[in-house]
Number of protein chains: 2
Amino acid sequence: MSDKYAWAPIRTEPAYRVAAQALRTRIVTGEIAVGSVLPSETAMAEMLEVNRSTIREAIRLLEENGIVARKPGGKKLFVTIPTRADLSERMTTAMVLQEITLEELWATMIALEPAAAAAAAGNATDAHITALEANLKATEANIDNKESLLELDLEFHELIADACGNRALQLSREPIGSLFYPAFDAVFSRLNAGERLLVAHTRIVDALKARDRETAVEWMRKHIVDFRRGVELANLDMSRPAKGASH
Amino acid sequence: MSDKYAWAPIRTEPAYRVAAQALRTRIVTGEIAVGSVLPSETAMAEMLEVNRSTIREAIRLLEENGIVARKPGGKKLFVTIPTRADLSERMTTAMVLQEITLEELWATMIALEPAAAAAAAGNATDAHITALEANLKATEANIDNKESLLELDLEFHELIADACGNRALQLSREPIGSLFYPAFDAVFSRLNAGERLLVAHTRIVDALKARDRETAVEWMRKHIVDFRRGVELANLDMSRPAKGASH
DNA sequence: TGCATCTTTTTTGTCCGACAATCCGACATA
DNA sequence: TATGTCGGATTGTCGGACAAAAAAGATGCA
């Protein structure tokens with residue numbers, strides 16, 4: 001009956017949020033350049049004609065967004081670009097709260113990691129290769145040290161992501177990779193996965209060196225599939241949330 | 001001279017940040033349940049023995065993180081789970097600021113979208129199929145209306161993502177999809193891509209209905225490759241940043 | 001001039017107190 | 001049951017204050 005009229009609910013945005021938005025637009029449009037320093041709080045408060053407290057709350061919003069920051073131990077407020085780690089952490093906590101399952105994470109990984117390997121085959125520089133080879137050596141040396149192995153495996157995949165030179169890909173896979181940590185841990189501590197892991201990693205690096213895209217992709221795929229088998233052999237439930245990501 | 005000793009720089013975290021962290025840990029550990037309502041600002045200020053202004057700044061941090069929020073037009077503060085749109089927007093602005101190229105976005109998309117199609121072939125419910133068919137009908141009806149076509153295409157891919165039931169995948173592809181908007185726009189306004197698009201979409205939905213995973217993946221792949229050709233035919237530079245993603 | 005040290009001015013982080021708006025629940029009334 | 005009224009609780013915003021630390025300026029010296 002009252003559906004006859006469409007009522008737009010009246011609602012006022014708090015000032016701290018419109019202030020934040022005002023600053024944000026000035027930043028993304030480039031009016032305030034990235035890297036430049038913002039005016040003092042009092043100055044901004046005067047410009048926007050609000051109290052300093054209000055401006056401070058607005059700044060907190062942008063700060064958590066990662067688009068403004070202070071250098072450690074400094075007072076000046078700079079315009080910055082959100083860090084990868086920054087975004088990744090946010091994504092990660094969101095995924096933890098949503099109780100995303102290992103199954104979901106894995107399905108995403110098997111899509112992203114081979115793609116990263118493919119791109120890396122095309123874009124990896126000598127520096128990247130060197131870093132990867134160092135990682136291989138370390139893996140070989142710590143083949144029986146479960147803990148180091150865990151770290152090294154994670155590092156390996158991050159190096160591949162770095163080498164692929166695709167920042168969108170990096171941003172997408174990082175939070176997921178970090179969520180695998182506990183699962184990795186379980187697998188490594190129950191299975192002797194070191195050998196298989198090293199073989200796969202080695203093959204991948206070899207393929208990158210030869211710029212052999214197909215092989216790199218294929219071994220990465222195998223590697224991820226292998227991980228899944230490891231998870232199942234370790235009696236982990238793929239359909240359960242992969243929680244507990246508090247470093 | 002004083003280099004003889006390694007001085008760990010003394011640095012105090014501002015109170016508003018430790019307060020935020022205190023609340024955050026209580027939330028992610030489950031001590032404060034998701035969906036429950038937090039104490040009033042004054043109450044929290046008393047508990048943590050800080051001023052209300054400080055607590056308010058802490059709340060702004062969590063608020064922007066999306067883990068606390070107020071119901072629209074309400075005063076009570078609830079513990080919430082970050083929305084997809086929420087995270088997506090953050091990611092998007094980050095990508096804009098980093099000036100990520102179309103090339104990078106596309107490479108990520110061609111990894112994610114077929115994966116989404118694959119999962120959708122297994123998990124799509126009748127409701128999902130119905131929504132997709134409605135989208136197809138609308139596309140057919142608006143085959144010449146470039147603007148609607150753009151919206152509908154975006155919607156189609158989001159429906160696929162919904163249907164795949166993989167939240168990790170959804171979280172990963174959403175920000176990237178939204179960044180394609182301007183490129184889509186350019187393609188649609190210069191090329192007559194409607195027919196090809198409709199064919200691909202139809203084939204995909206048919207495959208989903210038949211639970212034919214292979215076909216769904218293959219057509220999705222073709223569809224994305226096709227988009228790339230469209231971009232090139234429209235004379236867009238894949239290696240230029242895809243900026244201008246304001247909502 | 002360039003550099004190191006001292007001084008002054010800004011600026012931030014934190015506190016206090018205040019007040020209008022308005023949401024929320026209780027209660028009374030028709 | 002639905003509506004009108006009231007009072008307490010809370011939020012958003014403001015103003016002012018102050019110590020500590022950083023930034024900017026001034027000074028002296030090589």
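Below, read A as the first sequence line, B as the second, and so on, with proteins coming before strands; counting in each chain starts at 1.
Of the possible polar contacts, one joining the B:Asn166 side chain to the B:Leu169 backbone as a donor-acceptor pair under 3.5 Å is found.
Going from atom CD1 of B:Ile55 over to atom C1' of D:dT10 covers 14 Å, rounded to whole Å. Spacing between atom CD of B:Glu46 and atom P of D:dA9 amounts to 13 Å, rounded to whole angstrom units. Rounded to whole Å, the distance from CZ on A:Arg60 to C1' on D:dG12 is 17 Å. For the pair A:Arg17 CZ and D:dT13 C1', the computed distance is 15 Å after rounding to whole Å. Nucleotide D:dT11 holds its C1' atom 10 Å from the CD atom of A:Glu57, rounded to whole Å. Rounded to whole Å, the distance from CG on B:Asn51 to C1' on D:dA17 is 12 Å.
The two atoms that bring A:Asn135 and A:Leu152 nearest to each other are ND2-O, 3.1 Å, heavy atoms only. When all heavy atoms of A:Glu174 and A:Ser88 are compared, the pair lying nearest together is CG-OG, 3.2 Å. The two atoms that bring B:Ser239 and B:Thr101 nearest to each other are O-CG2, 3.5 Å, heavy atoms only.
Scanning DNA chain C 5' to 3' for nucleotides with an atom closer than 4.0 angstrom to a non-hydrogen atom of chain A gives a first and last hit of C:dT11 to C:dT14.
Looking at B:Arg56 and A:Glu57, their side chains come closer than 4.5 Å, going by heavy atoms from C-beta outward. The shortest side-chain heavy-atom distance between A:Glu63 and B:Tyr16 falls under the 4.5 Å cut-off.
A donor-acceptor contact under 3.5 Å is not formed by the side chain of A:Arg52 with the base of D:dG16.
Of all the residues in residues 61-81 of chain B, B:Arg70, B:Lys75 reach under 4.0 Å from DNA chain D with at least one non-hydrogen atom.
Classification of A:Arg70 and A:Glu41 as a salt-bridged pair holds, one side-chain N sitting under 4.0 Å from a carboxylate O. Taking a cutoff of 4.0 Å between a charged side-chain nitrogen and a carboxylate oxygen, A:Asp162 and A:Arg84 qualify as a salt bridge.
Within the nucleic acid shown, A:Thr54 comes within 4.0 Å of sugar-phosphate atoms alone, with no base atom in reach, counting heavy atoms only.
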- Message: Could you go through A:Thr83 and A:Asp86, starting from their C-alpha distance and side-chain angles, then the distance that decides it, and tell me whether this counts as side chain to side chain donor-acceptor pair (under 3.5 Å)?
- Response: CA-CA 5 Å; A:Thr83 332; A:Asp86 212 30; 4.5 Å; no
